[in-house]
Undergrad: 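Sharing a structure here in structure tokens format.
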2 protein chains.
Amino acid sequence: MKELKQRSACPVSTSLDIFGDKWTFLILRDMVFAGKSTYGEFLLSAEKIATNVLADRLAVLESQGILTKTVAADKKSKFTYRLTGKGVDTVPIIVELVLWGSRHCPTDIATDLLAELRTDKGTAVEKYQKLAREKSLI
Amino acid sequence: MKELKQRSACPVSTSLDIFGDKWTFLILRDMVFAGKSTYGEFLLSAEKIATNVLADRLAVLESQGILTKTVAADKKSKFTYRLTGKGVDTVPIIVELVLWGSRHCPTDIATDLLAELRTDKGTAVEKYQKLAREKSLI
DNA sequence: TACTTTACTTGCTTTTTGCAAGTAATTATC
DNA sequence: GATAATTACTTGCAAAAAGCAAGTAAAGTA
């Protein structure tokens, strides 16, 4: 059990106690927007997370109830990671990170996704939350 | 000039290249929701940031154009930090961190602020952005 | 002139990250 | 049925970042 220390009772602080690093939201991004669900898939992302850091972050996210780890349906040697409701609730945060980054940094994002997020953020958030929820029920 | 390396062209990743740590959003929170603007004020927050880390983060945020550093109006020995437009644009991210933390962690947040954010997030975001913008024009 | 305020800087220890290699249980192939 | 490949890690070590205590320097106050 990975236990995190809570630095204060401020909700921004408690959120950052869990998500305050350069990698955690990239794992969640991969689950929400790329449909990834295995250790091997997370390793393939462009940012090249180290294997020990990935293992550590997955353990933290599992212990914090943000995702679940189960043996894959097709292979016993594989694990499937799925978002819990608590994990699905991070979608609005990730969407705001997408919008800020795409507005203020040189990025390369699918124009249709960006248009979707900019035109009707609320609907887009609900859509990706629904997709993530459906995956967790497979 | 603090220069950051961009790990990929993904907007989530570029946002995290700047904000991906446990302290940066706490500084921005203090500016947006507590009206803080000086080094000494940031040091007083409950989470107790180390002085060298605070100095480093302020330098990064300044070099990234998220805040400006000017000599204070009243004292030449004091600096005033203010959000730029790019900084004001982080308010929606911080608001989502507040909402997630207050929903999923044991926190202690003013109930009227929480009600304000939950009832009409868009209006609340605009209100705090406007307040931050007005401060930057003083 | 001495003391305080304000904003750091420095030095040192601890923790986290990054990188390369190794391991162990399945699963696929010959 | 032995051999190789997949999949998900673990381990060891160097480098970077964070944490802590103390020191510095310019400006303001008594």
Side-chain angles (χ1 to χ4, degrees), chain A residues 1-8 13 16-27 30-31 34-64 67-82, chain B residues 1-8 13 16-27 30-31 34-64 67-82:
Chain A
M1 277 289 153
K2 291 261 172 186
E3 59 186 45
L4 299 180
K5 77 167 176 197
Q6 190 168 316
R7 293 173 296 168
S8 81
S13 174
L16 293 176
D17 287 339
I18 298 174
F19 303 115
D21 76 299
K22 294 204 187 301
W23 296 108
T24 302
F25 275 127
L26 295 186
I27 295 170
D30 283 351
M31 297 183 82
K36 295 187 181 182
S37 62
T38 66
Y39 183 93
E41 287 176 324
F42 298 132
L43 282 183
L44 295 176
S45 295
E47 296 84 9
K48 298 294 166 204
I49 188 172
T51 57
N52 55 346
V53 176
L54 175 57
D56 179 78
R57 290 315 116 88
L58 288 171
V60 169
L61 289 172
E62 191 193 3
S63 74
Q64 294 300 312
L67 49 78
T68 58
K69 178 184 184 178
T70 52
V71 174
D74 54 334
K75 279 188 178 181
K76 283 183 192 168
S77 62
K78 219 164 116 181
F79 290 102
T80 302
Y81 294 93
R82 299 283 181 216
Chain B
M1 278 290 155
K2 291 261 173 188
E3 60 186 46
L4 300 180
K5 77 166 177 196
Q6 189 167 318
R7 292 173 296 168
S8 81
S13 174
L16 294 176
D17 288 338
I18 298 174
F19 303 114
D21 77 298
K22 294 205 188 300
W23 296 107
T24 302
F25 276 128
L26 295 187
I27 295 171
D30 283 350
M31 297 182 82
K36 295 188 182 181
S37 61
T38 66
Y39 183 92
E41 286 177 324
F42 298 133
L43 281 183
L44 295 175
S45 294
E47 297 84 8
K48 298 294 164 204
I49 188 170
T51 57
N52 55 344
V53 176
L54 174 57
D56 178 78
R57 290 313 115 87
L58 288 172
V60 170
L61 289 173
E62 191 193 3
S63 74
Q64 295 299 313
L67 49 78
T68 58
K69 178 184 184 177
T70 53
V71 174
D74 54 335
K75 279 187 180 183
K76 283 183 190 167
S77 62
K78 218 165 116 182
F79 290 103
T80 302
Y81 294 93
R82 296 285 181 214

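Per chain, numbering begins at 1; letters A, B, ... match sequence-line order. Every heavy atom of this structure was used, including side-chain atoms; hydrogens, water molecules and symmetry mates were not.
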Undergrad: From CD1 of B:I27 over to P of C:dC8, roughly how many Å is that when rounded to an integer?
TA: 11 Å
Undergrad: Could you tell me which non-hydrogen atom of A:S63 sits nearest to which non-hydrogen atom of A:V60, and how far apart they are?
TA: OG-O, 2.9 Å
Undergrad: Compare all side-chain heavy atoms of B:L16 with those of A:W23 and state whether any distance is below 4.5 angstrom.
TA: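 A side-chain contact under 4.5 Å is absent here.
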Undergrad: Closest heavy-atom contact between A:L43 and A:I49?
TA: CD2-O, 3.7 Å
Undergrad: Among B:R7, B:Q64, B:Q6, which residue satisfies the side chain to side chain donor-acceptor pair (under 3.5 Å) criterion with B:D17?
TA: B:R7
Undergrad: Below 3.5 Å between N/O atoms, which protein atoms pair up with nucleotides 15-19 of chain C? Just atom names and distances, please.
TA:
unit_1, atom_1, unit_2, atom_2, d
C:dT17, OP1, A:R57, NH1, 3.4
C:dT17, OP1, A:R57, NH2, 3.4
C:dT17, OP2, A:R57, NH2, 2.3
C:dG18, OP2, A:W23, NE1, 2.8
C:dG18, N7, A:N52, ND2, 3.4
C:dC19, N4, A:N52, ND2, 2.9

Undergrad: Within the distance-only criterion (no hydrogens, no angle test), does the side chain of B:E41 pair as donor or acceptor with the backbone N or O of B:S37 below 3.5 angstrom?
TA: yes
Undergrad: Are the side chain of A:K22 and the backbone of B:D21 linked by a donor-acceptor contact shorter than 3.5 Å?
TA: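 Checking the backbone N and O of B:D21 against the side chain of A:K22, no donor-acceptor pair under 3.5 Å is found.
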Undergrad: Shortest non-hydrogen contact from B:D30 to B:S45?
TA: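 Looking at all heavy atoms of both residues, the shortest contact is OD2-OG, 2.5 Å.
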Undergrad: Check whether any side-chain heavy atom of A:K69 sits under 4.5 Å from a side-chain heavy atom of A:L58, and report yes or no.
TA: no
Undergrad: Any sub-3.5 Å donor-acceptor pair from B:Y81's side-chain atoms to B:K36's backbone N or O?
TA: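 Judged by distance alone, no pair lies under 3.5 Å.
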Undergrad: Within this structure, what is the CG-to-C1' distance between B:L43 and D:dA18, rounded to whole angstrom?
TA: 15 Å
Undergrad: Would you jot down, in residue-number order, the residues of residues 68-81 of chain A having a non-hydrogen atom under 4.0 Å from DNA chain D?
TA: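 Residues of residues 68-81 of chain A under 4.0 Å from DNA chain D: A:K69, A:K75, A:S77, A:K78, A:F79, A:Y81.
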Undergrad: Checking side chain to side chain contact (heavy atoms under 4.5 Å, CB included) against B:T80, which of B:L67, B:T68, B:T70 comes through?
TA: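 Option passing the side chain to side chain contact (heavy atoms under 4.5 Å, CB included) with B:T80: B:T70.
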Undergrad: Rounded off to whole Å, could you give me the CG-to-P distance for the B:L58 and D:dA18 pair?
TA: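 Going from CG in B:L58 over to P in D:dA18 covers 14 Å.
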Undergrad: Can you list, by residue number, the residues of residues 34-42 of chain B that have a non-hydrogen atom closer than 4.0 angstrom to DNA chain C?
TA: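 Residues of residues 34-42 of chain B that come under 4.0 Å of DNA chain C are, in numerical order, B:T38, B:Y39, B:G40.
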